[in-house]
Amino acid sequence: SNRQLLDNLNEPGKLVIEKCENGLVDCAFPIIIKGKHIASLATGQLLLQEPDREQFKRQARLFGFDEQEYLRALDQVPVISEEKLRSMTTFLGEMALVLTQMGYARLAIKEDAERLEIEIASRKKTEQALAAEREQLLVTLRSIGDGVITTNTLGRIVLMNKVAEELTGWSLSESIGRPLSDVFK
């Protein structure tokens, strides 16, 4: 009966109450996150009304149980109204759903933070590589005997070597960002 009960939990908020073939009742509420059924909240077996003791005496004899012990066990089974069962199980199920969603959100935040850490490390590595290449480029520019001026796609000066500074009369710090035509006549 538990398998049948749990197999019917296929939509969010759906509370399933089923009577098993032996006269007891099971109740379950699905925990569904992002369309995936990840867990179920299930009650233990109970009764929705006072039991038919004669039916349970027959069951005790049928299954070979001690009738008095079987009836004492039956007396321990809670009797709850269906309305109260629905109310309590729905409340607990919704609470479990909220807690699960919070846990899922926390996990997603943690995974995002880990991805960001990896991306930051990758960017730092790339920045270090670019800085090393820029330094190598500057060393190469300084060692060239000709004047070299580098511009961006808008024709504004990005780099120039010492020879270009001497030829133009402009320092690199003065010329960065200026149009090439202002610095090189």
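Predicted model, so just to flag it, every value in this text is computed and none were measured. Numbers here are sequence positions counted from 1.
With rounding to the nearest 0.5 angstrom, the CD1 atom of I149 is 11.0 Å from the CG atom of L159. Put simply, NE2 on H37 and CD1 on I31 are 7.5 Å apart, with the number rounded to the nearest 0.5 Å. In this structure, CG on L130 lies 11.5 Å from CG on L137, to the nearest 0.5 angstrom. With rounding to the nearest 0.5 Å, the separation of CD in E83 from CG in L85 is 11.0 Å. Distance check: L46 CG to E82 CD gives 10.5 Å after rounding to the nearest 0.5 Å. Atoms CD and CG, from E166 and N161 in turn, are 9.0 Å apart once rounded to the nearest 0.5 Å.
No continuous path of hydrophobic side-chain contacts links V158 to M160 [ILVMFWY only; heavy atoms under 4.5 Å]. L15 is connected to I33 through a chain of hydrophobic side-chain contacts under 4.5 Å among Ile, Leu, Val, Met, Phe, Trp and Tyr, so both are in one cluster.
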Side-chain donor/acceptor pairs under 3.5 Å, residues 98-116, sequence neighbours excluded:
from : atom 1 : to   : atom 2 : distance (Å)
T100 : OG1    : A96  : O      : 2.6
D112 : OD1    : R115 : NH2    : 2.2

Could you pull out every donor-acceptor pair under 3.5 Å between side chains of residues 138-147 and any protein atom, sequence neighbours left out?
from : atom 1 : to   : atom 2 : distance (Å)
T140 : OG1    : Q136 : O      : 2.9
S143 : OG     : V139 : O      : 3.4
S143 : OG     : T140 : O      : 2.8

What side-chain donor-acceptor pairs closer than 3.5 Å can you find for residues 176-185, not counting sequence neighbours?
from : atom 1 : to   : atom 2 : distance (Å)
R178 : NE     : E174 : O      : 3.2
K185 : NZ     : S181 : O      : 3.3

Using atom types as modelled, flag every donor-acceptor pair under 3.5 Å from a side chain in residues 63-81 to any protein atom, sequence neighbours excluded.
from : atom 1 : to  : atom 2 : distance (Å)
D66  : OD1    : Q68 : N      : 3.1
D66  : OD1    : E69 : N      : 2.8
E67  : OE1    : R61 : NH1    : 3.0
Y70  : OH     : Q59 : OE1    : 3.1
D75  : OD1    : R53 : NH1    : 2.7
S81  : OG     : K84 : N      : 3.1

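Contact between P51 and F56 at its shortest, heavy atoms only, is CB-CE1, 3.7 Å. The nearest pair of heavy atoms linking I157 to S175 is CB-O, 3.5 Å. Contact detail for G93 and L41: the closest heavy-atom pair is N-CD2, 3.2 Å.
Residues meeting the side-chain contact (heavy atoms from CB on, under 4.5 Å) test with E133, sequence neighbours left out: none. Looking at residues two or more places apart in sequence or on another chain, you find no salt bridge (charged side-chain N to carboxylate O under 4.0 Å, His left out) involving K14. Judged as a salt bridge (charged side-chain N to carboxylate O under 4.0 Å, His left out), and not counting sequence neighbours, the contacts of E54 are K57.
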For this session: Given side chain to side chain contact (heavy atoms under 4.5 Å, CB included), test T43 with M88 step by step and report yes or no.
Result: CA-CA 10 Å; T43 65; M88 289 174 21; over 6 Å; no

Problem set entry | Q45 vs D26, side chain to side chain contact (heavy atoms under 4.5 Å, CB included): CA-CA, chis, key distance, verdict | CA-CA 5 Å; Q45 293 188 317; D26 287 311; 3.0 Å; yes

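The backbone N or O of I118 sits nowhere less than 3.5 Å from a side-chain atom of S122 that would complete a donor-acceptor pair. In this structure, the side chain of E165 engages the main chain of L172 through a donor-acceptor pair within 3.5 Å.
At a threshold of 4.0 Å, the pair E127-K124 does not count as salt-bridged, since none of the basic side-chain nitrogens sits closer than that to a carboxylate oxygen.
Here salt bridge (Lys or Arg N to Asp or Glu O under 4.0 Å) pairs that include residues 39-50, with residues two or more places apart or in two chains, number zero.
In the hydrophobic clustering, where aliphatic and aromatic side chains (Ile, Leu, Val, Met, Phe, Trp, Tyr) are joined below 4.5 Å either directly or transitively, I120 stands alone. Counting Ile, Leu, Val, Met, Phe, Trp and Tyr side chains that sit under 4.5 Å apart, directly or through other members, L154 stands alone, with no cluster partners. Here V163 is tied into one hydrophobic group with L167, each link being a pair of ILVMFWY side chains closer than 4.5 Å. With a 4.5 Å cut-off between side-chain heavy atoms of Ile, Leu, Val, Met, Phe, Trp and Tyr, the cluster of I32 takes in none.
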